Amino acid sequence: QVHLVESGGGLVQAGDSLTLSCLASGRTFSRYATGWFRQAPGKEREYVAAISWGGSVTEYADSVKGRFTISKDNAKNTVYLQLNSLKPEDTAVYYCAAGDSIATIFASQYWGQGTQVTVSS
C-alpha cells in the first residue's frame with residue numbers, strides 16, 4: 001500500500017519556476033516507478049514525466065522536455081518535479097502516481113490528491 005501527497009503548487013508568473021514534491025508513505029515505495037500527470041480545466045489528464053524505481057530512467061512529455069526535471073530521493077520517500085520556464089499552458093492540477101513500472105503508472109491505483117499550479121501571463 002502506498003499513500004501519496006503532493007505539495008509545492010502555487011500561483012506564479014510566466015517564466016518562473018516551481019518545485020513540486022510527492023511524499024509517499026509505505027516501506028516499499030523505493031521499489032515503485034513514479035510519474036507526474038496534470039489535468040487542466042476541461043481537459044483530460046495527461047502524462048508529464050516519469051522516473052524508474054531506481055532513478056536511472058527518466059521520461060518526459062514533449063511539451064515539458066527541457067523545462068521540467070523529475071528526480072527521486074528514496075531515502076526521503078519523495079519524488080520531485082522541477083518546473084522551469086513556466087508557461088500559462090502549464091496551468092493545471094498536478095498529480096503524482098506510483099506503479100510497478102513506468103509503463104503501468106497511469107493504470108495504477110496509487111494516486112495523490114493533486115496540487116494546483118497556476119501560471120499567469
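Keep in mind it's a predicted model, so treat the numbers as computed, not measured. The first residue in the sequence is number 1, and the count goes up from there.
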Return a table of donor-acceptor pairs under 3.5 angstrom between the side chains of residues 5-16 and protein atoms on other chains or two or more places apart.
residue	atom	partner	partner atom	Å
Glu6	OE1	Gln113	N	2.9
Glu6	OE1	Gly114	N	2.8
Glu6	OE2	Cys96	N	2.8
Glu6	OE2	Gly114	N	3.3
Asp16	OD2	Gln13	N	3.1

Item to check | Crowding at CG, Asn84 (>12 non-hydrogen neighbours, <6.0 Å) | outcome: yes
In Å and rounded to the nearest 0.5 Å, what is the [atom1] to [atom2] distance from [X] to [Y]?
X      : Y     : atom1 : atom2 : result
Ser25  : Leu23 : OG    : CG    : 7.5 Å
Ser17  : Gln82 : OG    : CD    : 5.5 Å
Glu46  : Arg38 : CD    : CZ    : 4.5 Å
Ile102 : Tyr47 : CD1   : OH    : 6.5 Å
Leu18  : Leu86 : CG    : CG    : 5.5 Å
Cys22  : Trp36 : SG    : CH2   : 5.0 Å

Compare every heavy atom of [Y] with every heavy atom of [X], then report the nearest pair and how far apart it is.
X      : Y      : value
Ser21  : Thr78  : CB-CG2, 4.2 Å
Ser121 : Pro88  : CB-CG, 3.8 Å
Gly112 : Tyr95  : O-CD2, 3.6 Å
Ala50  : Ile105 : CB-CD1, 4.1 Å
Leu4   : Ala97  : CD1-CA, 3.7 Å

Checklist entry - Which disulfide (SG to SG under 2.5 Å) pairs, counting each pair once, include a residue from residues 33-94, with sequence neighbours left out? => result none
Checklist entry - In the single-linkage hydrophobic clustering (I, L, V, M, F, W, Y; side-chain heavy atoms under 4.5 Å), do Val48 and Tyr80 co-cluster? => result no
Checklist entry - According to a 4.5 Å side-chain heavy-atom criterion applied to Ile, Leu, Val, Met, Phe, Trp and Tyr, with indirect links allowed, do Trp53 and Val2 form part of one hydrophobic cluster? => result no
Next on the checklist: For Phe68 together with Tyr60, are the ring centres under 6.0 Å from each other?
Outcome noted: no
Checklist entry - After noting the C-alpha distance and the side-chain angles of Leu81 and Thr69, does the key distance pass the side-chain contact (heavy atoms from CB on, under 4.5 Å) rule? => result CA-CA 6 Å; Leu81 186 67; Thr69 302; over 6 Å; no
Give me each pair satisfying salt bridge (Lys or Arg N to Asp or Glu O under 4.0 Å) with a member in [range], each pair once, sequence neighbours excluded.
range            : result
residues 54-63   : Asp62-Lys65
residues 110-121 : none
residues 66-82   : Arg67-Asp90

Next on the checklist: Can you confirm whether Leu83 sits close enough to Leu20 that some side-chain heavy atom of one is under 4.5 Å from a side-chain heavy atom of the other?
Outcome noted: yes
Checklist entry - Between Thr91 and Glu89, do the side chains contain an N or O donor and an N or O acceptor separated by less than 3.5 Å? => result no
Checklist entry - Would you call the rings of Phe106 and Trp111 parallel, tilted or perpendicular if under 30° counts as parallel and over 60° as perpendicular? => result perpendicular
Item to check | salt bridge (charged side-chain N to carboxylate O under 4.0 Å, His left out) partners of Arg31, counting only residues at least two apart | outcome: none
Next on the checklist: Using side-chain contact (heavy atoms from CB on, under 4.5 Å), reason through Tyr94 and Gln116 one step at a time and then give a plain yes or no.
Outcome noted: CA-CA 6 Å; Tyr94 284 71; Gln116 176 71 48; over 6 Å; no
